[in-house]
Amino acid sequence: MTQARQLNAGQTAVAACRSDFPALDQDVNGHHLVYLDSAASAQQPSAVIDAMTRYESHDHANVHRGVHTLSHRATDAYEGARETLRGFINAASTREIVFTSGTTESINLVAQSFCRPNLGPGDKVLITHLEHHANIVPWQLVCEQTGAELLVAPINDKGEIVLDALYALMNDEVRLLAIAHVSNALGTINPIKDIIAEAHAQDIPVLVDGAQGVPHMQVDVSDLDCDFYAFSGHKMFGPTGTGVLYGKEALLDAMPPYKGGGDMILEVSFSGTTFNELPYKFEAGTPNISGVIGLGAAARYLEKIGMQQIESWECELSEYMTQRLSGIEDIRLIGTAAHKAGVQSFLLGDIHPHDLGTILDHQGVAIRTGHHCAMPVMEYFGVPGTARASLALYNNFDDIDRLVEALEKAKEIFA
Amino acid sequence: MTQARQLNAGQTAVAACRSDFPALDQDVNGHHLVYLDSAASAQQPSAVIDAMTRYESHDHANVHRGVHTLSHRATDAYEGARETLRGFINAASTREIVFTSGTTESINLVAQSFCRPNLGPGDKVLITHLEHHANIVPWQLVCEQTGAELLVAPINDKGEIVLDALYALMNDEVRLLAIAHVSNALGTINPIKDIIAEAHAQDIPVLVDGAQGVPHMQVDVSDLDCDFYAFSGHKMFGPTGTGVLYGKEALLDAMPPYKGGGDMILEVSFSGTTFNELPYKFEAGTPNISGVIGLGAAARYLEKIGMQQIESWECELSEYMTQRLSGIEDIRLIGTAAHKAGVQSFLLGDIHPHDLGTILDHQGVAIRTGHHCAMPVMEYFGVPGTARASLALYNNFDDIDRLVEALEKAKEIFA
Amino acid sequence: MIVSDLHTDDLRDLYRDLILDHARNPRHFGKLARTTHSAEGINPLCGDKLKLYLDVDSDEIIKEAAFEGSGCAISVASASLLTDTVIGLSSIDAMAFFDAVTSQLAGDERGNGKRVDLGKLRALAGVRDYPTRVKCATLAWHALKSALRQDTAPASTE
Amino acid sequence: MIVSDLHTDDLRDLYRDLILDHARNPRHFGKLARTTHSAEGINPLCGDKLKLYLDVDSDEIIKEAAFEGSGCAISVASASLLTDTVIGLSSIDAMAFFDAVTSQLAGDERGNGKRVDLGKLRALAGVRDYPTRVKCATLAWHALKSALRQDTAPASTE
Ligand SMILES: Cc1ncc(COP(=O)(O)O)c(C=O)c1O
Ligand SMILES: Cc1ncc(COP(=O)(O)O)c(C=O)c1O
């Protein structure tokens, strides 16, 4: 089946990238590793690991305030990564690229700095039923802090947002719409460009949780016209502890700082403090310099391969995965949206996902099991959790065959 | 001079560690690098860099929720680092070790979660005049948010806190004392154990900004009896983007979460969310896994050498530095406390620190110049900034000789 | 720490027939007519969640035990085996089983309390080789401990 | 990016006598009797801070210029040279010097506007080899641009 497949040149090139990822070249429990957990965290190519090691071994110093050579090199590399990330998502200016520790911090920053000062009773924050906890709990917290109300747009049984219902919730009391680009639990790719246009027609700013977007498709924040776009380094083949908050300059400019400390100020005195310009106002303290350099290397790595090639390769794989999984008796696929990324949640007979996870791990196949930080989705589908296989550019058809074999084995054990 | 010095065995052993730091083995501007900027950010030993590379190349996956082997390895390594850090500062329990992105975030967490819900007009937060901006601005922000008042204990012209004045400011309106263990601009080691006892006698909880403490001396939070202790990985030879907030369990338990997201919850539903137990309640989202593993390796590295050996070696170096610098004509030492760490701020004639920095860099000597994120200190001494040489375990007497030579050269140029 | 290389057939050691039987047909599943002690067990890392009910009489004898909840085969089987085991025991003897089971799963066969004969509970031994799953197997037992202690100390599943 | 290997004597190229002279004895240091345009320049990365004052007449001629503030030798000398240069120029000609100086420091000798003779300002050329110091040398010039633009556009030192 694998052999017969016709790949175009771009797809073949992407498939060849697997060897760039040292972690994939190992045996686990006596079997060559099949890593199908990239939606939780992706592996890093040598280009990323080496960029950080090189930095740490030769160029490290604190950034921004040093006149000495290492500090200058560190600052250049750090700010160079900012320009790389700006280009990667096509932001208008590096002033719109705030480095954070991840999607979670990016969203909390918006909740606390953009929303908290402007929310009160009667105001609404709008999210959807398919969000990751990172795009739920910060809004619950800020609503509790301010007396605002959290509105939740429903999903249907394919795992798609019910657009009419979402649009019906939009009115002039809604202060922000926060919505995933791609659902991590269901794989649904939301039509965010249309949704953003609809929200803007009602003057509602939009935050996009792009954690599962950037690793898999070309993201152009200028074209989307989103107000904020949040994502994590570790899901796009960069290091943990890094992330980005993109925000439109005018909005970021008007927001108070999120944290206080060094680098985010121009002047500190006990009679008052003047904050620094963008993006530094939001980067208090010594940043994750090596991490950001690794993140820049990850973005360059992806740009070299080409996001369109990656998308096209993953689309092939994803279709194959759906087809193979659908062929398994007693499987229940959860998340069957028309427009889907390479993420598939499922249940197999009455085998608890946790047991499935162990049995697959035993065969060298790494999947995630549980609620995937999306408990409301689990509750909607009436399941305590699911097993989830998620793809990235380095997966291939064999990986999917191995997954299916391993699932068949699980059925035997639980027969 | 260097040759004649009598070192004890422990000091000789510390001096030998220099070769563990790859970044120190390079030429800068044609001269072998002399790195005297560790107070801004320290270099990392191979043990730290390798631990992270190994993790990223073989063991990476998301932590805490995976049943597969890599996730298990990652969780073990991450939680193992927590236990290492617990031991490193002698906390009672790993529940008291919250991983953050650095000192700045640790302090902001306390300002927002411990103070903000409990502060109002009439309440006071007490700091001192020698604090780093990271231990000033978060308190300014929370005072502004709540109507509380920020009190500042004075320093004297040696750069020491005036203890009587500090104690006179302590009363039952003070909700927190936040104070540096060691001043990064002046090198002053504050008598925090006494200060903490005095504050506790008035029921005032104490946060210690330990950014410049942990890298240079044995810190025992149980012995100090501090309520919170904040520090950064990158100042203790670990990676950027990591840090710790130690907090007494009873206090952390009573605090609301700082950020919302994955991992910090037990259950999320739209009708309400249950937060996770300590320390996870304060670790929303995917943490800096590789960074924390590097931080753990840094703590183990320091433990292997022995903090007392390090302290004793740095004490020798520091005395030598003060002596040699004092011998330079026209030098003005800023920060001359009786009890001092290996940090020396100074001005040379009318040469602006920034120019000094460039001239020294030209000779391969890396120092920091400017306000060192301690503008109130600069203002107190009536200077726009200083040049600052700061020592770490890997420095030696030659480094100090090179510093002094380079300063003599600067005087020539500006003669 | 690298999980030791296991062959697929070793899975049979984890999923023994007795475990699968108890997982599929849990004994004492449901509520009790009279509950004197109860506790919830949550494994935040994997989402297993169960509630244990006990009917303890004035002589400190567990007259009845039952549980509800959802979880993987290991946690459900362990809870089912627990109820089977503790009914009729004094609370002290039940705690001796707690010690024995948790010691067995920690790979410490000595136990740290009164010696008991594990009997059927030996079927849980295979879990030892699966560190990620040990918490599943001990969940119900921690709930037992919390339930028995609930009059004196605050409940805890740690 | 590795700063190229420079020998100590190259420092003389950065700290030329003219620079040191202007740094020690800045010309036009202080306030003006009449200020029509002014702007502050702050280099957040190193703390240099200065205020530039201009007296521009109705014909757009800079009659007087002065500055205050503190900074390193490079930024003070640059500000001093700036005031020396722009007094008597039209604001358009002054902006041509802005273009020429910033181009010179960016290592782009062509300039991007009207050609001007840099004269003494060539003494700033040595800064080019010290990327961390270029902002010091351009600080006053950005303040000049902000000051001249202040009636029309918001001030900016970027
Ligand atoms: C005394 C002190 N406190 C706080 C900080 C802030 O640390 P970080 O930038 O790592 O958050 C520093 C470091 O600059 C410091 O020296
Ligand atoms: C859709 C989505 N949003 C947010 C997050 C949170 O990202 P992080 O844990 O990197 O902050 C994730 C990752 O788990 C995700 O998949």
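Lettering of chains follows the sequences in order, A, B, ..., and the numbering in each one begins at 1.
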J.: Given a strict heavy-atom distance threshold of 4.5 Å, which part of A:Met378 is in contact with chain B: side chain, backbone, both, or neither?
T.: neither
J.: With a 4.5 angstrom heavy-atom cut-off, is it the side chain or the backbone of A:Glu267 that approaches chain B, or both, or neither?
T.: both
J.: Given heavy-atom pairs under 4.5 angstrom as the criterion, report whether the side chain, backbone, both or neither of B:Glu56 touches chain A.
T.: both
J.: Find the one option among A:Leu24, A:Leu70, A:Ile127, A:Leu109 whose heavy-atom pairs under 4.5 Å with chain B are most numerous.
T.: A:Leu70
J.: Counting only heavy atoms closer than 4.5 Å, note whether B:Val142 contacts chain A via side chain, backbone, both or neither.
T.: neither
J.: Sort out for me which of B:Gln43, B:His60, B:His58 touches chain A most, counting heavy-atom pairs under 4.5 Å.
T.: B:His60
J.: What residue in A:Ala42, A:Ala111, A:Pro256, A:Ser46 has the most heavy-atom pairs under 4.5 Å with chain B?
T.: A:Ala42
J.: Would you mind telling me which of A:Met52, A:Met375, A:Glu379 has the largest number of heavy-atom pairs within less than 4.5 Å of chain B?
T.: A:Met375
J.: Contact between B:His234 and A:Ile289 at the side-chain level, heavy atoms closer than 4.5 Å - yes or no?
T.: no
J.: Locate the shortest heavy-atom distance separating B:Gln140 from A:Ser269; write the atom from each residue and the value.
T.: NE2-O, 2.9 Å
J.: Side chains of B:Glu105 and A:Glu105, heavy atoms from C-beta outward: is any pair under 4.5 Å?
T.: yes
J.: Considering only heavy atoms from C-beta outward, does the side chain of A:Leu141 approach that of B:Pro257 to under 4.5 Å?
T.: yes
J.: Do the non-hydrogen side-chain atoms of B:Pro287 and A:Thr240 ever get within less than 4.5 Å of each other?
T.: no
J.: Can you name the nearest heavy-atom pair linking A:Ser41 to B:Ala61, along with the distance?
T.: CB-C, 4.2 Å
J.: Identify which part of A:Leu360 has an atom lying under 4.5 Å from any heavy atom of chain B, answering side chain, backbone, both or neither.
T.: neither
J.: Sort B:Phe275 into side chain, backbone, both or neither according to what part of it lies under 4.5 angstrom from a heavy atom of chain A.
T.: side chain
J.: Of the listed residues (B:Thr104, B:Val268, B:Ile49, B:Asn135), which shares the most heavy-atom pairs with chain A below a 4.5 Å separation?
T.: B:Val268
J.: Nearest 0.5 angstrom please: B:Asp263 CG to A:His133 NE2, how far?
T.: 10.5 Å
J.: Should A:Thr273 and B:Glu144 count as side-chain neighbours, where that means a heavy-atom distance under 4.5 Å?
T.: no
J.: Answer with side chain, backbone, both or neither: which region of B:Arg54 has an atom nearer than 4.5 Å to a non-hydrogen atom of chain A?
T.: neither
J.: Quick check on B:Tyr35 against chain A: is it the side chain, the backbone, both or neither that has a heavy atom closer than 4.5 Å?
T.: side chain
J.: Evaluate the ring planes of B:His129 and A:Phe270, with Trp represented by its six-membered ring, and classify them as parallel (under 30°), tilted (30 to 60°) or perpendicular (over 60°).
T.: perpendicular
J.: Is there a side-chain contact between B:Val67 and A:Asp361 in this structure, where contact means two heavy atoms from C-beta onward sitting under 4.5 Å apart?
T.: no
J.: Nearest 0.5 Å, what's the OG1-CG distance between A:Thr242 and B:Asn288?
T.: 8.0 Å
J.: For residues B:Arg73 and A:Val28, report the shortest heavy-atom separation together with the two atoms involved.
T.: NH2-CG2, 4.1 Å
J.: Using every non-hydrogen atom in the two residues, find where A:Pro138 and B:Gly260 come nearest and quote the distance to one decimal.
T.: CG-O, 3.5 Å
J.: If I measure from the heavy atoms of chain A, does B:Asn108 come under 4.5 Å with its side chain, its backbone, both, or neither?
T.: side chain
J.: With a 4.5 Å cut-off on heavy-atom pairs, point out which of B:Ile367, B:Val292, B:Thr286 contacts chain A the most.
T.: B:Thr286
